[in-house]
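Down below is the structure, laid out as structure tokens.
Please read these numbers as outputs of a predicted model, since none were measured by experiment.
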Amino acid sequence: MPMLNPTIECELLYGAHNYDPLPVVLVRGEGVYVWDDAGTRYIDMMSAYSAVSHGHCHPKLIRVLQEQAAKLNIVSRAFYTDKLGAFLKHICELTDFEKALPMNTGAEAVETALKAARKWAYKVKGVAKDQAEIIACTGNFHGRTIATVGMSTVPQYKDGFGPFPAGFNVIPYGDAAELEKAITKNTAAFLVEPIKGEGGIIVPPLGYLKACAEICKKHNVLMICDEIQTGLGRTGKLLAYQHEDIKPDAIVLGKALGGGLVPVSLFLSRKEVMDVFTPGDHGSTFGGNPLAAAVGNAALHVLIEDNLVEHAAKLGAYFKEQLKAIRSPLIIDVRGRGLLIGLEVDERYSTHDICLKLLMHGVLTKETHRTVIRFAPPLIITQSQIDTVVNALKLVFTAVEAETRYGL
């Protein structure tokens, strides 16, 4: 049996096997590039599921991190700090929501949204105690907590983790008529991804979100958009739902909010929804800490000042055009918006093997939903870097076709 890299061996020995990483040990990052322990450079086409949208080790964000880390990092939310209010004001003004509640991870932000929706249903809408229902969609991915995997339709995500909380109803994605049929007098909220990320980079039919927003308004149901992966410029708009010119009742943000440096997430909504929370209802030891607030605020400034949203729209269109121009029997579909693109591969071919071959050509990415390769690079990627990735794909596809043809 061949010897593994000692670092990989150590992680396999002492770590839980809840991930299946590619065999590369990364030690440094800058911009769109990362380097392994042998000094080999790669283009990062994952950007940590949008957490590194600003690029690795962005100098402006590193400077803010260092300055704040030398002053004040964590204190209890039993006290005010000079950073949180400014951060919340900035994001509320930028997104046109009235209030925000800070957490750390995306899953925590979703849990916050679920709690807010249920309490709003009881306190404002008048739903009977413990009868509130929340509607989600097939193929969703809202996190790894017991509640969020309870909403999942992926068997592996649920296997061995039940029983799950009641009060969740799952309907087909992309069909507004199914949403209206599912709504009852007890429905508190509809939780939806504007684009399904882990579900295979699925873009719903044009008009779907707009129709859902109208249905939710008609029935006094909160429409909550999960923008953890799609938000903050990823799709070529500040928020992905803006492609349909709507305004949901609430959103959840995370990943890119931390500038690739610290975990930061938020639940944002209007006062009527947020004010159902009273002291002691909900909280987090680290949520809203001054270090995270300072970095999060700076990440928002960089996003706007460096025109990353517009850049994602322009480069995303170019990237998708170049991918669609590849002539290969392996490719079934190219889809997505902005710099969130899924390349669907014929199921007869292994997307995992393709990703391993791309690794050998200096491109890092991973498959999602078995037959789809995810391309979601830092939003600062250039046209020439995209060309490098496309050329690597062409070489890999040619090699796979040859192996198949000759039975290698």
Practice problem: Fit a plane to each ring of His58 and His54, take the angle between them on a 0 to 90° scale, and name the class: parallel (under 30°), tilted (30 to 60°) or perpendicular (over 60°). | Solution: perpendicular
Using side-chain heavy atoms (C-beta onward) and a distance below 4.5 Å, is [X] in contact with [Y]?
X      : Y      : answer
Ile224 : Phe190 : no
Val192 : Cys212 : no
Phe168 : Ile135 : no
His369 : Glu344 : no
Leu356 : Leu22  : yes
Pro102 : Leu84  : yes
Val264 : Phe87  : yes

Between the side chains of [X] and [Y], does any donor sit under 3.5 Å from an acceptor?
X      : Y      : value
Thr148 : Thr145 : yes
Asp37  : Asn5   : yes
His219 : Thr187 : no
Arg370 : Thr351 : no
Glu111 : His282 : no
Asp36  : Tyr42  : yes
Ser328 : Glu401 : yes

Self-check item: NZ/NE/NH1/NH2 to OD/OE distance under 4.0 Å, Arg234 and Glu227
Solution: no
Quiz item: With the threshold set at 4.0 Å, does a side-chain nitrogen-carboxylate oxygen contact exist between Arg374 and Glu198?
Solution: yes
Quiz item: For atom OH of Tyr157, is the number of surrounding heavy atoms from other residues, nucleotides or ligands below 6.0 Å larger than 12?
Solution: yes
Quiz item: Around Glu30, counting heavy atoms of other residues, nucleotides and ligands shown, do more than 12 lie under 6.0 Å from its CD?
Solution: no
Which pairs of donor and acceptor atoms, one on a side chain in residues 314-325, lie under 3.5 Å apart (sequence neighbours left out)?
{"unit_1": "Tyr318", "atom_1": "OH", "unit_2": "Asp387", "atom_2": "OD1", "d": "2.5"}
{"unit_1": "Tyr318", "atom_1": "OH", "unit_2": "Asp387", "atom_2": "OD2", "d": "3.4"}
{"unit_1": "Lys320", "atom_1": "NZ", "unit_2": "Gly336", "atom_2": "O", "d": "2.8"}

Exercise. For a side chain to side chain contact (heavy atoms under 4.5 Å, CB included) with Phe267, tell me which candidate from Glu108, Met274, Met103 qualifies.
Key: Met274
Self-check item: Distance under 6.0 Å and angle within 45° of ring axis: Lys247 vs Phe97
Solution: yes
Self-check item: Derivation and outcome, side-chain contact (heavy atoms from CB on, under 4.5 Å), residues Leu393 and Phe375
Solution: CA-CA 12 Å; Leu393 264 173; Phe375 292 102; 3.7 Å; yes
Quiz item: Got a second to check how far Leu379's CG is from Ser53's OG, nearest 0.5 Å?
Solution: 4.0 Å
Exercise. Check the pair Lys119, Asp281 against salt bridge (Lys or Arg N to Asp or Glu O under 4.0 Å), reporting the backbone distance first and the verdict last.
Key: CA-CA 10 Å; Lys119 192 158 190 180; Asp281 278 355; 2.6 Å; yes
